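Only one structure is covered here, and it is reproduced in the block below.
Quick caveat: nothing in here was measured; it's all calculated off a predicted structure. Chain identifiers are assigned alphabetically (A, B, ...) following the order of the sequence lines, protein sequences preceding nucleic acid strands; residue numbering begins at 1 within each chain.
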Amino acid sequence: MPAKNHKQWLATPPLQSDEWVDSRIYSDPQIFEDELQNIFRRTWVPVCHESEMPKPYDFRTSTIAREPVIVCRGPDNEVRAFLNVCPHRGMLIERRPSGSFLEGQPSGNPKRITCMFHAWQFDLKGNCVYISREKEGYQDRLCKENVGLRRLRCEVKFGGFVWVNLDDNPISLEEWAGKPFSCLRKSLEAEPLEVFHYHKAVVQTNYKLWHDTNSEFYHDFMHYHNRVTGFNDAYFARKNESFEHGHVVVGTFEVNYEQYEGFESRAALSFPHLPPNQWYMIDLFPGMNFNLRGSALRCDVVTPLGPDKVMIEFRGIGLKSDTEEDRQTRINHHNSIWGPFGRNLHEDLLGVTGQGTTMLPGTEPRRILHGRHENQTIHDENGMRHYYSEWGKWMNRLPSNPDQPFVKPLAAAE
Amino acid sequence: MATNGVDIANLVRDTIYRATLLLDDQKWEQWLELCDDSFHYAIKSYSPEISRDMTYLQGSRKELATMVKLLPKHNTDHSPLTRHTSVYTVDVAEDAKSARAISSFVVYQNMLDGVNSHIDAGESRLFLVGRYIDVFKCDDSKALFVKREVRLENRRLDKGSHWPI
């Protein structure tokens, strides 16, 4: 077929309307603002792993939909989450990425969450326990009981991840993600897990394009590693299974790691209850990914920063019971493919950065195709179609024409 | 001919700077020729987020040779890297058969094709900051890398890289 003129380029493709999306959903500033309000303020986000806060009084800080969040382990060993904002004058309470409240701070006492600005202090349940010169300033008009921290919904689940929801009345986490996690639950919950890897990428692209890359495996043509270790009948039979709430699980098969020169089988260090060299992937709406390649679990969490900018946090996780030698092997398995200097992650990030370059805010809207049908197997794009059907519901926008209200796609097109 | 600790230290500095140029020029095999057969390479960083020391990449000389041999088969960001290395300390062992050196480095990425080349190509961006912690096997005429630890300050690595640093 010849190259297209402008009219032909913009013509409706010969596909169903749920088999493409309008590129404005990846670039429009108002759509991005609506996503923060309608989706990220109402869904569960795994902000960290419990092993990042192993002891009472340990804490981690994070951000959801621009709101600063702090999670901490109380003296009762309970993990709780709060808005990391002082109720006094809106100061960010804790500025460090992690630490322990066992140590005193210049403005406050040990075992207290202290706002450095005016020395207001809170306990690990979020109660305000000290207001400097309280009576002198507020007399009896305002007291500590009036100014506790903003508590957030928080659960530790699915292998020790710490999940936070800004919505006070969300769907339960079990109902939200229990079914997609069922394929790995025995492996992730057999024994305590421990994070061994962390790095982040801030890239010029929309957060959904990263999730798309995690949801579709057609792009394995980009990965030399995946082609030589994967492309066989079992690979092409892998199923993409859709779950309620926009989640997708990519089924497993046995990867032949030895086919990539210098790489080794991961069979000896398989996660519990996992057959050798299996590879499962759980993609959770709206942008979290759990990727288990036999011996190492990877977790991606997106923090959208703008319509064309996203931070992706990458974690690697192994068994807490690992010997030093096993842990190092697990780290090698993880990072040789997924580390910042690994073979695949760099390629994935180049892919979505290239997409981001063509979909900057203000660029001409175009159609992004999600129309491959291959009996819901690995190169079928049903995972993305399922995701965007859910996205349309949460946003009340039609992904193929976001100016229009959402209409559920015909079942036949799914 | 090197006969004392000062000469050995000069050999070590020379090897570190030669390695910098060879890595910049992507002459991987010649870089590995500066390494002993027992060479071990690692890129590490400490994460205050997870309170752990991390190994981002590691391998023996043989594993690195395989890795660089396979580079042409991978899609990659071809933006050249320029390392600016300053050797801070060289400690030569009493028997003058080994030495340990600590160098500071920054790595600039000279944009070529990583994003939109029309706009970005030709721009240099700070990519990495860290130290080389090197161990050498020495004799009178040469110093060979036995170990290189690339100790990064970065944990935000954006697109990352396929290349040894």
Check this for me: does any side-chain nitrogen of one of B:Arg125 and B:Glu123 sit under 4.0 Å from a carboxylate oxygen of the other? yes

Hey, which residues of residues 196-213 of chain A are touching chain B, say heavy atoms under 4.5 Å apart? A:Phe196, A:His197, A:Tyr198, A:His199, A:Lys200, A:Ala201, A:Val202, A:Val203

Portion of B:Lys62 that has a non-hydrogen atom of chain A nearer than 4.5 angstrom: neither

Donor-acceptor pair, side chain of B:Asp7 and main chain of B:Asp140, under 3.5 angstrom: no

Please identify, among B:Ser45, B:Ser51, B:Pro48, the residue contributing the most non-hydrogen atom pairs under 4.5 Å to chain A. B:Pro48

Counting only heavy atoms closer than 4.5 Å, note whether B:Glu49 contacts chain A via side chain, backbone, both or neither. both

Using the six-membered ring wherever Trp is involved, compare the ring planes of B:Phe136 and B:Phe145 and label them parallel, tilted or perpendicular (cut-offs 30° and 60°). tilted

If the condition is side chain to side chain contact (heavy atoms under 4.5 Å, CB included), which residues does A:Thr63 pass it with, not counting sequence neighbours? none

Shorter than 4.5 Å, heavy atoms on both sides: which option in A:Asn332, A:Leu345, A:Ile331, A:Asp348 has the most such pairs with chain B? A:Asn332

Which one of B:Thr76, B:Asn75, B:Ile165 has the most heavy-atom pairs closer than 4.5 Å to chain A? B:Asn75

Residue from A:Met53, A:Met222, A:His334 scoring the most non-hydrogen pairs under 4.5 Å with chain B is A:Met222

Using 30° and 60° as the class limits, which term best fits the ring planes of A:His219 and A:His223: parallel, tilted or perpendicular? perpendicular

Is B:Leu64 close to chain A through its backbone or its side chain, or both, or neither, when contacts mean heavy atoms under 4.5 Å? neither

If you count heavy-atom pairs under 4.5 Å between each of B:Leu70, B:Val115, B:Asp113 and chain A, which one has the most? B:Leu70

Verify side chain to side chain contact (heavy atoms under 4.5 Å, CB included) between A:Ser62 and A:Val164, making sure each step is shown before the conclusion. CA-CA 10 Å; A:Ser62 186; A:Val164 174; over 6 Å; no

Would you mind checking if B:Lys142 and B:Asp14 are paired as a salt bridge, meaning a charged N to carboxylate O distance below 4.0 Å? no

Rounding to 0.5 Å, atoms CZ (A:Phe161) and OG (A:Ser51) come to a distance of 8.5 Å

Under 4.5 Å to a heavy atom of chain B? For A:Arg60 that would be side chain

Worked check of side chain to side chain contact (heavy atoms under 4.5 Å, CB included) between A:Met288 and A:Cys299: CA-CA 7 Å; A:Met288 294 77 194; A:Cys299 173; 5.9 Å; no

Would you compute the distance between atom CD of B:Gln26 and atom NE2 of B:His78 and round it to the nearest 0.5 angstrom? 8.0 Å

Distance in Å, B:Ile16 CD1 paired with B:Ser103 OG, rounded so as to fall on 0.5 Å steps: 3.5 Å

With a 4.0 Å cut-off on N to O distance, would you call A:Glu194 and B:Arg52 a salt bridge? yes

Side-chain donor-acceptor pairs of residues 82-91 of chain B under 3.5 Å, sequence neighbours excluded:
unit_1, atom_1, unit_2, atom_2, d
B:Thr82, OG1, B:Asn110, ND2, 2.7
B:Arg83, NH1, B:Leu23, O, 3.4
B:Arg83, NH1, B:Asp24, OD1, 2.8
B:Arg83, NH2, B:Pro164, O, 2.9
B:Thr85, OG1, B:Thr20, OG1, 2.9

So which part of A:Phe314 gets closer than 4.5 Å to some heavy atom of chain B, the side chain, the backbone, both or neither? neither

Heavy-atom distance under 4.5 Å to chain A: side chain of B:Ile43, backbone, both or neither? side chain

May I ask you to decide if B:Glu149's main-chain N or O and B:Arg131's side chain share a donor-acceptor pair within less than 3.5 Å? no

Top contributor to chain A interface from B:Leu71, B:Asn116, B:Ile119 [non-hydrogen pairs under 4.5 Å]: B:Asn116

Using modelled atom types only, decide if a donor and an acceptor are shared between the side chain of A:Arg330 and the backbone of A:Leu269 within a distance under 3.5 Å. yes

Most heavy-atom pairs under 4.5 angstrom with chain B, which of A:Arg343, A:Glu52, A:Arg227? A:Arg343

In terms of relative ring orientation, are A:Tyr218 and A:Phe221 parallel, tilted or perpendicular, with 30° and 60° separating the classes? perpendicular

Which residues from residues 350-361 of chain A are near chain B, with near meaning under 4.5 Å between non-hydrogen atoms? A:Leu350, A:Thr353, A:Thr357

